[in-house]
Amino acid sequence: MAIDPHYEMVIGLEVHAQMLTRSKLFCGCPTRFGAGANRQICPVCAAFPGVLPVLNHEAVDMAIKTGLAIEGRINRLSEFSRKNYFYPDLPAGYQISQYELPLVEQGGIWIDTDAGSRKRIGITRIHIEVDAGKSLHEGIVGASWVDLNRTGIPLMEVVSEPDLRSAAEAGEYLKRLRAMVRYLGVCDGNMEEGSLRCDANVSVRRHGDSRLGTRCELKNLNSIRHVMRAIEYEAERQIDLLESGQTIRQETRLWDVNQGLTRSMRGKEEAHDYRYFPEPDLPPLRLSEERIESLRQQLPELPEARCRRFMSQYSLSDYDAAVLTASRDVADYYEQVAGAVASAKMAANWVTGELLAWFNDDPDQTKRSIPALHLARLLQMIQNGVISGKIAKDVLARMYTSAQTAEAIVEQLGLQQMTDTAAIEAAVQAVLQASPDELSRYRAGQTKLLAFFVGQVMKATRGKANPTQVNELLQRYLAG
Ligand code: ADP
Ligand code: MG
Ligand code: ZN
């Protein structure tokens, strides 16, 4: 979908990532997902009077690693602030966050643009804060219940500059950011379950205009696809308003998944005044050079670097390398397969072409389905001439549904390629006998019929004959 060419979109994203720490940000409660309501809470979570927060340094380390990975400035001194608001899922009446002095500033992520060039999207800041609880309404009449299990789970908020110019760029940026946090192991990146959440700020302006237009903030976007659709819709809505002489009202809008539109939630006038002030119960956060350096040493190979290495080490195209390194699980998977077979290129074709095709929406499922070494064994069977590539695809489909190994399936169904010349020869003779018409037409000069005969023999042997052998034998017999 293209917007009115006189306009351009301006988008900035605010991403909240739940960090994969074992315990919460300011107490020792576990962070595991899926426990019964209010089973993972304590007096700190419930904000009893007199409790004091104790900072979890595992979360700080994770946020620092992310800051280093986006090449941001790690502030040696940052501070926590109270963000005050009243909501049933926030018993303290305030959220501990960072405001004036965030942990990380001035980073960036490189993306590929629609036009095929590369572009750096600035990251204004990354700060640490706590997640809130959840209000439960479903199946409850006349009341709302509150589950505080999520209260206090550490979040990183990653705020981008308004550098994105299309829904596609926003999607690309999110994919990169998600891959990054997954590579770092600091967040599972699952948008459907809400461990990675994104608000999109969208405005439009006429091309050439240097001032930013009035923006709306979009919420309730729980997949990359929805982020992109909501941005498209919102930009069009704003352009329509401007074109009909109206103005944009700065507001927060909710994406309505079912109707595919955004709806006003609250205007700027109704926006909260958070009355931020420094958190009196926590000292400023000071970081030593040694700590930052040691975290830098611990950084894994990141997607960009891994992509370049795949291109040189495995002689892959930049496209294949990019697809394979977009997710750390897929990249690890590929390296296991490639390490066990003779052709790294063939391994790439199978992983990108066959496996990922099944897992379009969630590439990380790959490792849960077919173990890398099982795929490698299947590819070895092709390379050793035990089965053809075509049969291998059927075997792979069975491996996926039955969880059996390639060898077991090939053995059980008798799919081994026929290399017994006598048997193939018999099939060739039978086919020629059954097709006298074609035979005489072939001998009269219609040599294209060779393909027909090959097809018949392959069919008769249920695809198991070695195609090279079939071709050779046929040509010999057809020559008469
Ligand atoms: P707030 O704290 O109210 O959410 P910020 O100034 O922190 O506001 O901006 C939040 C996000 O909005 C950032 O990602 C920023 O890039 C983006 N943004 C700011 N102004 C605009 C604009 N005019 N159009 C689109 N995005 C914008
Ligand atoms: Mg905001
Ligand atoms: Zn707790």
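Note that ligands are numbered from 1 as they come in the structure, with each ligand's atoms numbered from 1 the same way. Computed from heavy atoms alone, side chains included, the values below leave out hydrogens, waters and symmetry copies.
Here Val159 has side-chain heavy atoms under 4.0 Å from ligand 1, and that is the only part of it that gets that close. Proximity of Thr124 to ligand 1, defined as any heavy-atom pair under 4.0 Å, is not found for any part of the residue. The proximity of Glu14 to ligand 1, defined as any non-hydrogen pair under 4.0 Å, is limited to the side chain.
With 3.5 Å as the limit, one finds no donor-acceptor pair spanning the side chains of Ser195 and Glu193. There is no side-chain donor-acceptor pair under 3.5 Å between Glu100 and Tyr276. A donor-acceptor contact closer than 3.5 angstrom links the side chains of Ser97 and Glu129. There is no side-chain donor-acceptor pair under 3.5 Å between Thr252 and Glu217. Checking Tyr314 against Glu335 by side-chain atom types alone, a donor-acceptor pair falls below 3.5 Å.
Between Tyr99 and Tyr274, the distance separating the two ring centers is not shorter than 6.0 angstrom.
Cys29 contributes SG and Cys42 contributes SG; the angle these two atoms make at the Zn ion (ligand 3) is 100°, rounded to 10°.
Interface atoms of ligand 1 facing Leu212, defined by a heavy-atom separation under 4.0 Å, are 23 (N). Against a heavy-atom cut-off of under 4.0 Å, Glu161 is close to the following atoms of ligand 1: 16 (O). Contact atoms of ligand 1 toward Gly213: 23 (N) (distance under 4.0 Å to a heavy atom of the residue). Near Val10, the atoms of ligand 1 lying under 4.0 angstrom from a non-hydrogen atom of the residue are 24 (N), 25 (C).
Under the 3.5 Å distance criterion, the side-chain polar atoms of Asn222 are left unmatched by any main-chain donor or acceptor of Glu192.
Ion pairing between a basic and an acidic side chain is recognised when a charged N comes within 4.0 Å of a carboxylate O; Arg120 and Asp163 show no such pairing.
In terms of N/O distances under 3.5 Å, ligand 1 is approached by Pro162.
Comparing Val15, Thr252, Asn201, Thr214 by heavy-atom distance to atom 17 (C) of ligand 1, the nearest is Asn201. Around atom 3 (O) of ligand 1, the closest heavy atom drawn from Arg205, Arg215, Arg125, Glu217 belongs to Arg215. Of the candidates Ser203, Gly12, Ser160, Ser203 brings a heavy atom nearest to atom 22 (C) of ligand 1.
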